[in-house]
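See below for the structure under consideration.
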Amino acid sequence: MTGPALAIVTIDGLGAPFRIAATDRGVVAAGWEIEEDDFRARLAARLGEPPDDDPRQARAARGIVAVARPVFEALLRGEPAPVDTVPLDLDDRPAWDRRVLSEVRGVSWGQTASYGDIARRIGAPRAARAVGGALGRNPISLLIPCHRIIAADGTIGGYGGTGWVDRDRQRSRKEALLLREGVTVRMRAD
């Protein structure tokens, strides 16, 4: 048994592979530095079955990738892009995550919000940490711009990754993405 029909493409993502996957409903995953086999395995774990790469079945997914690719390429070049034109497939995400990710998607180019701001906007003013958890599970980098969400004290906050090396590299990437949008934030000393 195979999972949903997928289209996957890899583009240059600021010096590291950036992978984009779409189902026939929308972009389902996008992110950096994962080997393609690992990327596919994570998709299979998320979606419950190995992805179906049958080209006949993936026509709609390829169409979504064709719409999404130039948007991602523009964002990676540091240019604003019409992210609202790209459908997302977050059907496998818990309701809480979908609420948070939907609100974060509305944070515009060159703007930031704090984790607490997002919590208040979705009617859960005491849930800043839970917002951070949902953003840590964000499967679609850039289209859901979690890099624009910073700590309440104006410092950079977190940005994906596990372990110290990854955390530092990811924070540097978050800082670089914000700088491309004209936003300067302070790095926090840990």
Please report the closest heavy-atom contact between Lys174 and Ile149, naming both atoms and the distance.
NZ-O, 2.5 Å
Donor-acceptor contact present, side-chain Ser108 to main-chain Gln111, <3.5 Å:
no
Residues Ile64 and Gly26: closest non-hydrogen pair is CD1-N, 3.4 Å
Glu36 versus Ile8, closest heavy-atom pair with distance:
OE2-CG2, 4.2 Å
d(Arg121 CZ, Ser114 OG) to nearest 0.5 Å is 8.0 Å
Main-chain N/O of Leu135 paired to Asn138 side chain as donor or acceptor, under 3.5 Å
no
Note: Ala127 and Trp96 closest approach over all heavy atoms is CB-CH2, 3.8 Å
Donor-acceptor pair, distance only, cut-off 3.5 Å: does the side chain of Arg137 make one with the backbone of Gly133?
yes
Do His147 and Glu181 have side-chain N/O donor and acceptor atoms under 3.5 Å apart?
yes
For Ala29, the side-chain contact (heavy atoms from CB on, under 4.5 Å) test, sequence neighbours excluded, returns Ala21, Phe39, Leu43, Arg46
Ala119 and Ala128 have their tightest heavy-atom pair at CB-N, 3.8 Å
Does a salt bridge link Arg40 with Asp37, judged by any charged N lying under 4.0 Å from a carboxylate O?
no
With side chain to side chain contact (heavy atoms under 4.5 Å, CB included) as the test, would you mind laying out the steps for Leu88 and Ile140 before giving the verdict?
CA-CA 8 Å; Leu88 304 182; Ile140 307 173; 4.0 Å; yes
Does the side chain to side chain contact (heavy atoms under 4.5 Å, CB included) test come out yes or no for Ser141 and Phe72, once each step is laid out?
CA-CA 9 Å; Ser141 295; Phe72 279 110; 5.9 Å; no
Would Ile118 and Val107 count as a side chain to side chain contact (heavy atoms under 4.5 Å, CB included) here? Give the steps.
CA-CA 9 Å; Ile118 298 300; Val107 178; 4.1 Å; yes
From Thr184 OG1 over to Ile156 CD1, what is the distance, rounded to the nearest 0.5 angstrom?
10.0 Å
Applying the side-chain contact (heavy atoms from CB on, under 4.5 Å) criterion to Val83, which one of Val71, Leu142, Ile144 satisfies it?
Val71
Step by step, work out the side-chain hydrogen bond (donor to acceptor under 3.5 Å, both in side chains) result for Arg148 and Thr112.
CA-CA 5 Å; Arg148 296 180 188 150; Thr112 61; over 6 Å; no
Stacked cation flag Arg173 on Trp32, 6.0 angstrom / 45 deg:
yes
Among Val27, Val9, Val86, Leu6, which one satisfies side-chain contact (heavy atoms from CB on, under 4.5 Å) with Val65?
Val9
Audit row: Val28, Leu47, side chain to side chain contact (heavy atoms under 4.5 Å, CB included) steps and yes/no
CA-CA 10 Å; Val28 71; Leu47 303 176; 4.1 Å; yes
Is the shortest heavy-atom distance from the side chain of Leu76 to the side chain of Phe18 under 4.5 Å?
yes
Assigning hydrophobic clusters by single linkage (Ile, Leu, Val, Met, Phe, Trp, Tyr; side-chain heavy-atom cutoff under 4.5 Å), is Trp109 placed with Leu179?
no
Report yes if some heavy atom in the side chain of Leu90 is under 4.5 Å from a heavy atom in the side chain of Pro139; otherwise report no.
yes
Thr85 side chain to Pro82 main-chain N or O, any donor-acceptor pair under 3.5 Å?
yes
Is a donor on one side and an acceptor on the other found under 3.5 Å between the side chain of Arg98 and the backbone of Arg93?
yes
Looking at Arg180 and Leu75, what are the two nearest heavy atoms and their distance?
NH1-O, 4.3 Å
Which residues satisfy the salt bridge (charged side-chain N to carboxylate O under 4.0 Å, His left out) test with Arg69, sequence neighbours excluded?
Glu73
